[in-house]
> 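Got a structure for you, questions after.
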Amino acid sequence: MYRNFSKLALSAVAALSLLSGAATAAEWRGWNIHVEGYPNTVAMDKFAELLGEKTDGEITLQMFHGGTLGSQPDAIEQVRLGGLEIGNFNLGPIGPIASAANVVSLPFIFKDVPHMFRVLEGEGGKMIADGMTAKGLVPLAWYDAGARSFYNAGKPINAPTDVSGMKVRVMNNDLYSGMISQLGGNPSPMAFAEVYQALKTGVVDGAENNWPSYESTGHFEVAGYYSLSQHLIIPECLCINADAYNGLSDELKAAVTEAAIESAELQRELWAEREEASRKKVETAGVVTNEVADKAPFQEAMMPVYEAYLSENPDLRPLVELIRATD
Ligand code: GTR
């Protein structure tokens with residue numbers, strides 16, 4: 001009874017504010033998987049602060065860090081459906097939903113991080129963003145997530161045969177499972193939060209990630225060999241629910257986008273510092289790092305992964321070619 005009354009009262013308030021044309025302040029909620037102090041965490045907090053400033057308090061954002069609102073695949077669904085408005089996502093787990101965005105998950109597709117950003121800033125980035133937007137996720141800005149390399153407890157990895165027989169954790173995406181299978185390993189898709197325990201108890205032998213995540217999660221404590229395969233360079237987005245974005249006035253859209261771009265500038269600066277700091281920290285703690293002198297055998301083993309992607313998405317061949325043609 002009480003509940004019905006308050007629902008009625010609320011809809012009366014909403015109707016009144018519509019009639020009077022009064023703008024109702026929006027309170028958004030944002031998801032982030034990382035811990036305090038991580039570049040993305042600091043940059044998301046900055047985004048929240050800038051959002052308040054640039055919209056004169058019309059939009060406020062409450063950030064939930066450390067994955068407290070759920071796993072990344074769940075949060076992606078939440079932002080798509082509007083249960084949450086904002087998320088910092090890796091494009092890896094977005095790929096299964098938006099096939100154009102999955103192009104970044106083809107191993108060795110980018111030469112290096114600057115190449116990835118050049119692609120994102122051009123026509124390729126537009127194709128990826130359009131594909132995501134069509135699925136309800138608008139990327140406002142791109143964050144840096146460096147390059148991902150393999151790590152494990154037993155030995156350095158120098159050639160695909162070193163991965164053979166290894167159980168390796170991957171993010172939820174068939175391309176990554178295919179990648180490990182092609183190297184002769186056994187892929188184990190698993191949520192980020194479960195990986196530490198899985199490495200520690202031997203449920204998996206290894207995993208793959210960038211320096212900052214390898215360090216911030218403590219994975220280096222239980223998997224002390226880090227081999228610089230750099231097989232994946234996956235960007236991250238600062239994403240917004242499409243309806244929340246499309247419902248904004250042009251002024252508010254501009255303010256939100258500006259805040260996102262400034263947040264991404266900060267994230268990229270902090271990222272560069274953290275990559276160095278994380279590497280130093282884990283090496284000081286005794287991690288054994290090796291360069292992979294010859295990446296060609298890894299790259300050649302990925303041919304079937306590319307073929308599978310292109311036969312499922314023949315329309316995306318031009319995007320793959322565009323990336324390859326970008327200097
Ligand atoms: C990190 C990334 C996270 C998450 C994680 C993982 O590098 O920033 O969003 O994707 O990797 O491996 O699950």
Side-chain angles (χ1 to χ4, degrees), residues 30-44 63-79 84 86-98 101-102 104-105 107 110 113 116 132 137 139 141-152 167-177 179-180 187-199 203-204 206-220 222-223 226 228-239 263-264 267-268 270-272 274-275 277-279 282:
W31 180 94
N32 163 40
I33 207 165
H34 292 291
V35 292
E36 293 302 323
Y38 201 85
N40 306 30
T41 306
V42 178
M44 290 301 279
M63 278 306 306
F64 294 85
H65 301 300
T68 47
L69 295 185
S71 72
Q72 182 148 212
D74 288 348
I76 290 169
E77 278 309 289
Q78 286 291 313
V79 175
L84 292 170
I86 299 286
N88 159 219
F89 299 127
N90 185 283
L91 259 57
I94 290 180
I97 300 160
N102 217 12
V104 302
S105 290
F110 296 118
V113 170
M116 174 196 81
M132 290 169 61
L137 280 176
W142 305 113
Y143 281 7
D144 193 349
R148 295 173 77 99
S149 290
F150 290 117
Y151 50 88
N152 74 96
K167 194 153 187 202
V168 184
R169 178 268 174 173
V170 288
M171 290 189 281
N172 282 54
N173 184 323
D174 288 348
L175 289 179
Y176 307 145
S177 295
M179 168 182 84
I180 299 299
S188 178
M190 189 182 291
F192 192 42
E194 290 163 23
V195 185
Y196 181 89
Q197 209 51 31
L199 285 166
V203 168
V204 294
E208 46 87 55
N209 220 314
N210 48 46
W211 286 114
S213 281
Y214 176 56
E215 173 262 307
S216 71
T217 52
H219 293 178
F220 69 97
V222 286
Y226 192 89
L228 281 154
S229 49
Q230 300 176 317
H231 52 275
L232 283 167
I233 297 178
I234 315 172
E236 302 205 359
C237 65
L238 200 176
C239 277
S263 155
Q267 193 273 348
R268 293 183 201 179
L270 296 174
W271 183 263
R274 182 68 177 243
E275 275 192 317
S278 293
R279 179 174 186 155
V282 301

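The first residue of the sequence shown is numbered 1, and numbering continues consecutively from there. Nothing here was measured: the structure is a model prediction, and the numbers come from that model. In listed order, ligands and their atoms are each counted from 1.
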> Applying salt bridge (charged side-chain N to carboxylate O under 4.0 Å, His left out) as the test, list every pair that has at least one member in residues 209-220; sequence neighbours left out.
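Of all non-adjacent pairs touching residues 209-220, those that pass salt bridge (charged side-chain N to carboxylate O under 4.0 Å, His left out) are E215-R274, E215-K281.
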> Closer than 4.0 angstrom: is that true for some heavy atom of E208 and an atom of ligand 1?
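Judged by the 4.0 Å heavy-atom criterion, E208 does not count as contacting ligand 1.
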> Which is it for H219 and ligand 1 at heavy atoms under 4.0 Å: side chain, backbone, both or neither?
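For H219, there is no contact with ligand 1 at all, from either part.
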> According to side-chain contact (heavy atoms from CB on, under 4.5 Å), who are the partners of A75, at least two apart in sequence or on a separate chain?
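Once residues adjacent in sequence are excluded, the partners of A75 under the side-chain contact (heavy atoms from CB on, under 4.5 Å) criterion are W31, F89.
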> With heavy atoms under 4.0 Å as the rule, classify the contact between N209 and ligand 1 as side chain, backbone, both or neither.
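For N209, the contact with ligand 1 is made by the side chain alone.
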> Taking all atoms of both residues into account, what is the closest heavy-atom pair of S213 and F192, and its distance?
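Taking every non-hydrogen atom into account, OG-CZ, 3.9 Å.
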> Which atoms from ligand 1 have a heavy atom of F192 less than 4.0 Å away?
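The list of qualifying atoms is 5 (C), 6 (C), 12 (O), 13 (O).
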> Any donor and acceptor pair, going by atom type alone, linking the side chain of Q72 with main-chain N or O of P93 inside 3.5 Å?
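No, Q72 side chain to P93 backbone: no donor-acceptor pair under 3.5 Å.
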> Quick check on contacts: which atoms of ligand 1 are under 4.0 angstrom from a heavy atom of M171?
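Answer for ligand 1: 6 (C), 10 (O), 12 (O), 13 (O).
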> Tell me whether N88 contacts the main-chain N or O of C237 through its side chain, where contact means a donor paired with an acceptor under 3.5 Å.
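Yes, the answer is positive, given that a donor and an acceptor are paired below the 3.5 Å cut-off.
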> Which residue holds the protein heavy atom closest to atom 13 (O) of ligand 1, what is that atom called, and what is the gap in Å?
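Minimum-distance protein heavy atom for atom 13 (O) of ligand 1 reads R169 NH2, 2.9 Å.
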> Looking only at protein heavy atoms, which one is nearest to atom 2 (C) of ligand 1, and how far off is it?
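Of the protein heavy atoms, E236 OE2, 3.2 Å lies nearest.
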> What's the shortest distance from atom 9 (O) of ligand 1 to any protein heavy atom, and which residue and atom give it?
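Its nearest protein heavy-atom neighbour is Q72 NE2, 3.1 Å.
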> Just checking D174: does its CG atom have more than 12 heavy atoms from other residues, nucleotides or ligands closer to it than 6.0 angstrom?
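Not more than 12 within 6.0 Å, no.
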> Would you say S229's side chain and S149's backbone share a donor-acceptor pair under 3.5 angstrom?
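No, because the side chain of S229 does not come within donor-acceptor range (under 3.5 Å) of the backbone of S149.
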> Which bit of N210 is near ligand 1, meaning a heavy atom under 4.0 Å away: side chain, backbone, both or neither?
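Contact part for N210 vs ligand 1: side chain (C-beta onward).
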> Note the single closest protein heavy atom to atom 1 (C) of ligand 1, along with its residue, its atom name and the distance in Å.
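Ranking protein heavy atoms by distance from atom 1 (C) of ligand 1, first comes S213 OG, 3.4 Å.
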> Determine yes or no for a side-chain-to-main-chain donor-acceptor pair under 3.5 angstrom, with Y214 supplying the side chain and A223 the backbone.
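Yes, Y214 side chain to A223 backbone: donor-acceptor pair under 3.5 Å.
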> Decide whether an N or O pair under 3.5 Å exists between H34 and ligand 1.
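Yes; at least one N/O pair falls below 3.5 Å.
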